[in-house]
Amino acid sequence: MSDHASEATVPDRPVLLTGASGALGRVLARELGAAGWALRLTDIAPFPDALPAKASFEVADLVDRAAIERLADGCRAILHLGGVSVEKPFEEIIGPNIQGLYNVYEAARLAGARVVFASSNHTIGFHARSTTIDPDSPFRPDGYYGASKVWGEMMARLYWHKHGVESVIVRIGSSFPEPVDARMLATWLSYADLVRLCERAVLAPQVGCCVVWGASNNSRMTWWEGDARDLIGWTPLDSSDSFEAKVGDKTSGDPVVEAHQGGAYVKIGWTRA
Ligand SMILES: NC(=O)c1ccc[n+]([C@@H]2O[C@H](COP(=O)([O-])OP(=O)(O)OC[C@H]3O[C@@H](n4cnc5c(N)ncnc54)[C@H](O)[C@@H]3O)[C@@H](O)[C@H]2O)c1
């Protein structure tokens with residue numbers, strides 16, 4: 001029997017899910033809703049699906065601190081997935097991903113809530129694929145988006161050390177219905193593994209401020225090690241291996257892209273000789 005077998009499977013207070021109308025937010029809303037979780041869903045875009053039984057939805061902009069604080073009030077945790085999720089000009093990122101992270105952490109502090117932060121492999125995208133790194137390896141963001149996720153991870157550390165706000169930082173690889181190229185055979189995180197990871201990140205008794213690599217049990221994932229999965233009680237159950245024949249030879253053909261963990265993002269806006 002696992003150490004976590006006697007724990008509740010439903011949080012004792014509501015959970016705020018930002019980015020609820022996005023690709024991963026909709027998956028989490030559906031699955032955690034079906035598991036009986038009381039969810040407060042929010043996004044700047046309308047929620048396109050039927051609301052789960054114990055869920056409510058409110059449109060809010062992450063830069064609206066009062067709205068985020070009100071939504072988080074009384075919550076056990078904030079599953080923070082909202083914001084700019086791809087590489088964009090800095091001016092578009094600064095509101096949701098910089099100011100927004102301050103607002104989310106202030107809201108968590110006031111509510112006594114834990115944050116599960118959807119960080120990204122693009123915080124470390126300039127590490128070589130030939131190396132294996134752990135959560136203490138240096139940040140090497142591969143764009144403004146990745147740098148904004150580094151900021152989020154720094155807010156997690158600040159609010160833990162100064163205020164005791166707990167965080168599970170999930171450095172998501174590629175969470176899509178299935179891998180679409182050779183790189184994703186390493187970085188793929190199945191939706192089911194994502195849901196189980198978020199469940200554990202909310203329900204685990206004590207997490208401090210920790211990092212978990214968001215990738216399934218893929219044979220090609222040799223880049224990342226040494227995270228907090230045992231602490232939160234998560235084991236990925238899926239694997240990209242069965243997609244090897246389908247996408248194993250789909251590469252970019254660009255040696256810089258193929259050399260780095262961040263893939264195509266490293267070449268966006270690239271001016272180096
Ligand atoms: N999907 C992946 O493979 C992957 C990989 C690494 C990290 N992530 C992170 O996971 C999270 C979810 O990813 P996704 O693929 O579902 O992205 P997504 O773009 O589908 O969803 C992001 C949501 O955030 C909302 N949003 C944007 N600006 C906002 C604002 N100012 N106020 C409120 N809401 C706002 C958008 O409307 C959208 O619904 C993101 O934070 C992303 O950076 C995802």
Side-chain angles (χ1 to χ4, degrees), residues 16-31 40-49 57-72 78-89 91-104 107 115-125 141-153 155-156 167-181 183-191 193-195 197-198 201 211-216 218 221 224 240 261-265:
L16 175 61
L17 173 62
T18 73
S21 307
L24 303 188
R26 290 173 68 189
V27 171
L28 288 167
R30 185 184 68 227
E31 297 299 325
R40 289 186 199 164
L41 310 177
T42 185
D43 201 293
I44 202 168
F47 188 65
D49 304 322
F57 175 79
E58 184 176 323
V59 169
D61 191 323
L62 286 162
V63 305
D64 182 346
R65 177 144 67 102
I68 302 303
E69 286 181 5
R70 185 171 39 74
L71 282 160
I78 304 174
L79 280 169
H80 180 47
L81 279 82
V84 175
S85 62
V86 291
E87 184 64 353
K88 291 278 186 188
E91 292 76 8
E92 292 178 40
I93 285 175
I94 189 167
N97 290 22
I98 303 296
Q99 179 74 38
L101 261 290
Y102 169 71
N103 294 347
V104 164
V115 178
V116 179
F117 173 47
S119 185
S120 168
N121 68 89
H122 295 292
T123 56
I124 49 82
D142 56 27
Y144 300 116
Y145 163 72
S148 77
K149 294 292 187 181
V150 174
W151 162 253
E153 293 201 16
M155 292 298 279
S167 286
V168 177
I169 296 162
V170 184
R171 287 197 189 148
I172 302 172
S174 309
S175 196
F176 293 90
E178 56 181 64
V180 299
D181 60 21
R183 175 176 173 274
M184 280 198 202
L185 291 173
T187 57
W188 186 60
L189 175 67
S190 75
Y191 283 167
D193 278 338
L194 168 77
V195 171
L197 171 45
C198 289
V211 174
V212 178
W213 297 109
S216 287
N218 312 322
M221 176 36 76
W224 305 334
S240 67
Q261 296 187 7
Y265 275 45

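In listed order, ligands and their atoms are each counted from 1. Side chains are part of it too, since the values below use all heavy atoms of this structure and drop only hydrogens, waters and symmetry mates. Here, residue 1 is the first one in the sequence, and each next residue gets the next number. It should be emphasised that the depicted structure is a prediction, and the values quoted were computed from it without experimental measurement.
No more than 12 heavy-atom neighbours from other residues, nucleotides or ligands sit within 6.0 angstrom of OH on Tyr144.
Within the 4.5 Å cutoff, the side chain of Glu153 has heavy atoms near those of the Thr123 side chain. Counting heavy atoms from C-beta on, the side chains of Asp43 and Phe57 come closer than 4.5 Å.
Arg40 meets the side chain to side chain contact (heavy atoms under 4.5 Å, CB included) test with Pro14, Leu16, Ser56, Cys75; sequence neighbours excluded. With sequence neighbours excluded, the residues that form a side chain to side chain contact (heavy atoms under 4.5 Å, CB included) with Glu31 are Val27, Val195. Residues meeting the side chain to side chain contact (heavy atoms under 4.5 Å, CB included) test with Pro89, sequence neighbours left out: Glu91, Glu92.
Sorted by chain and number, the heavy-atom contacts of ligand 1 below 4.0 Å come from Gly19, Ser21, Gly22, Ala23, Leu24, Asp43, Ile44, Ala45, Ala60, Asp61, Leu62, Leu81, Gly82, Gly83, Ser85, Pro96, Ala118, Ser119, Ser120, Tyr145, Lys149, Ile172, Gly173, Ser174, Ser175, Phe176.
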